[in-house]
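Single-structure report; data block below.
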Amino acid sequence: MRINRSTSVTEFLFSGFPQFEDGSFLFFIPLFFIYIFIVIGNLIVFFAVRMDTRLHNPMYNFISIFSFLEIWYTTATIPKMLTNLISKQRTISLIGCLLQMYFFHSLGNSEGILLTTMAIDRYVAICNPLRYPTIMTPRLCAQLSAGSCIFGFLVLLPEIAWISTLPFCGPNQIHQIFCDFEPVLRLACTDTSMILVEDVVHAVAIIFSVLVIAISYMRIITVILRIPSGEGRRKAFSTCAAHLGVFLMFYGSVSLMYLRFSATFPPILDTAIALMFAVLAPFFNPIIYSLRNKDMKIAIKKLLCSQKMLPTSAS
């Protein structure tokens, strides 16, 4: 394909909102409140874990890190979606698009690695309870948390650097509600066969993480079912239920989004999958962690009550 450098694209236009044209503000309001809930809900979970000494253990430490990442994960896309819903322009600069892709997917990668780490943590806790304190030391826990974040951000740098070198000369319409790899790569004025390679790399990473988590939980469930006490089984299941729920939400939406290869969906279904992946899954995470865990509920109540009592004590 011949590239016309004189018509180089400097910004992209989002076209994933056409079905919202007549009532964009009606979609803006619920999305705005969902975003506020995600931020406040995850902040509450984060500070509840940090301020309650009873929750200072590897499992809750991973949950607090995951909640912190969720805030920035949604912040990478939702504020721009909100702007697009009430704006006629609905554009983003090339640099802005690259940055959105980088932070959104880096944070998503970090969360995926952290979920895998949490599954291994639960495996060790339930299948090797006597060795758990010596294996999951505070130092190892900190290293795993930091490693998940660092690797999640480093692994995407070559990919984003490569995309930044591609020529974009038109058209400039991204058929999605945020910048994503495949919609952006399809706009490059060069050979786009690398899209298949991108799909394969992403698919391998997703499938590997899902397999590790699935194998861990199959082993965990096998061990739990052998526990003679019904109360013991219930307690063991309850400690894993929240993580398993978040895992299903996260990787279920990720699989719909990135394990379809060349399959094409109608625009409205494409938008719905993107919303589930980028908005709904993060929305339910603080609910799952707070409602499915007795210790977390107690910690959140203590946090909220202490905040209410501050003005009274100060007076």
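Predicted, not measured: the structure shown is a model, and the values here were computed from it.
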How close do [X] and [Y] get, counting heavy atoms only, and between which atoms?
X      : Y      : value
Ala278 : Thr77  : CB-OG1, 4.2 Å
Pro58  : Cys141 : CA-SG, 3.7 Å
Ile126 : Pro129 : O-CD, 3.6 Å
Ser15  : His175 : OG-ND1, 2.9 Å
Ala48  : Leu55  : O-CD1, 4.1 Å
Ser110 : Ser148 : OG-O, 3.5 Å

Would you check if [X] and [Y] make a side-chain contact, meaning some heavy-atom pair closer than 4.5 Å?
X      : Y      : value
Ile63  : Met118 : yes
Asn84  : Met81  : no
Phe178 : Lys80  : no
Ser64  : Phe47  : no
Met257 : Asp180 : yes
Leu13  : Arg90  : yes
Phe32  : Ile78  : no
Ile213 : Thr116 : yes

Inset, instruction - Please test Val212 against Tyr123 for side-chain contact (heavy atoms from CB on, under 4.5 Å), starting from the C-alpha separation and ending with a verdict. - result: CA-CA 11 Å; Val212 170; Tyr123 170 81; over 6 Å; no

Does the plane of the ring in [X] sit parallel, tilted or perpendicular to the ring in [Y]? Use 30° and 60° as the thresholds.
X      : Y      : value
Trp72  : Phe68  : perpendicular
Phe168 : Phe12  : perpendicular
Tyr73  : Phe250 : tilted

Can you tell me how far the [atom1] atom of [X] sits from the [atom2] atom of [Y], to the nearest 0.5 Å?
X      : Y      : atom1 : atom2 : result
Ile135 : Ile120 : CD1   : CD1   : 11.5 Å
Ile65  : Leu144 : CD1   : CG    : 11.5 Å
Thr117 : Met136 : OG1   : CE    : 8.0 Å
Phe46  : Phe66  : CZ    : CZ    : 14.5 Å
Leu98  : Ser164 : CG    : OG    : 6.0 Å
Thr74  : Leu69  : OG1   : CG    : 10.5 Å

Legend entry - Step-by-step side-chain contact (heavy atoms from CB on, under 4.5 Å) determination, Met101 to Ile163: CA-CA 10 Å; Met101 280 196 298; Ile163 295 174; 4.3 Å; yes

Legend entry - Residues Asn285 and Glu70: side-chain donor-acceptor under 3.5 angstrom: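 Looking only at side-chain atoms, Glu70 and Asn285 do form a donor-acceptor pair, the distance falling under 3.5 Å.
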
Heavy atoms of other groups near [X] [atom1], more than 12 under 6.0 Å:
X      : atom1 : answer
Arg131 : CZ    : no
Phe283 : CZ    : yes
Phe208 : CZ    : no

If hydrophobic clusters are built by linking Ile, Leu, Val, Met, Phe, Trp and Tyr wherever their side-chain heavy atoms come under 4.5 Å apart, do [X] and [Y] end up in the same one?
X      : Y      : value
Ile298 : Met296 : no
Val124 : Met218 : no
Ile215 : Phe247 : no
Phe37  : Leu82  : yes

Inset, instruction - Please step through side-chain contact (heavy atoms from CB on, under 4.5 Å) for the pair Ile95 and Glu11, ending with a clear verdict. - result: CA-CA 8 Å; Ile95 297 298; Glu11 65 178 17; over 6 Å; no

Inset, instruction - Only one of Phe104, Phe14, Tyr102 passes side chain to side chain contact (heavy atoms under 4.5 Å, CB included) with Cys179; say which it is. - result: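 The side chain to side chain contact (heavy atoms under 4.5 Å, CB included) with Cys179 is passed solely by Phe14 among Phe104, Phe14, Tyr102.
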
Inset, instruction - Applying side-chain contact (heavy atoms from CB on, under 4.5 Å), run through Ile287 and Phe284 and close with a yes or a no. - result: CA-CA 5 Å; Ile287 298 174; Phe284 284 108; 4.2 Å; yes

Inset, instruction - Assert yes or no for the condition that the ring centre distance of Phe277 to Tyr258 is strictly below 6.0 Å. - result: yes

Inset, instruction - Carefully, step by step, assess Arg122 and Ser216 under the rule side-chain hydrogen bond (donor to acceptor under 3.5 Å, both in side chains). - result: CA-CA 8 Å; Arg122 290 300 84 205; Ser216 297; over 6 Å; no

Legend entry - Any donor-acceptor pair under 3.5 Å from Ser106 side chain to Phe103 backbone: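 Side chain of Ser106 to backbone of Phe103: no pair is present.
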
Inset, instruction - Give a yes or no answer on whether the side chain of Asn42 reaches the backbone of Ile38 with a donor-acceptor pair at less than 3.5 Å. - result: yes

Inset, instruction - For the pair Asp121 and Tyr132, evaluate side-chain hydrogen bond (donor to acceptor under 3.5 Å, both in side chains) and give the outcome as yes or no after the intermediate values. - result: CA-CA 9 Å; Asp121 170 72; Tyr132 181 73; 2.6 Å; yes

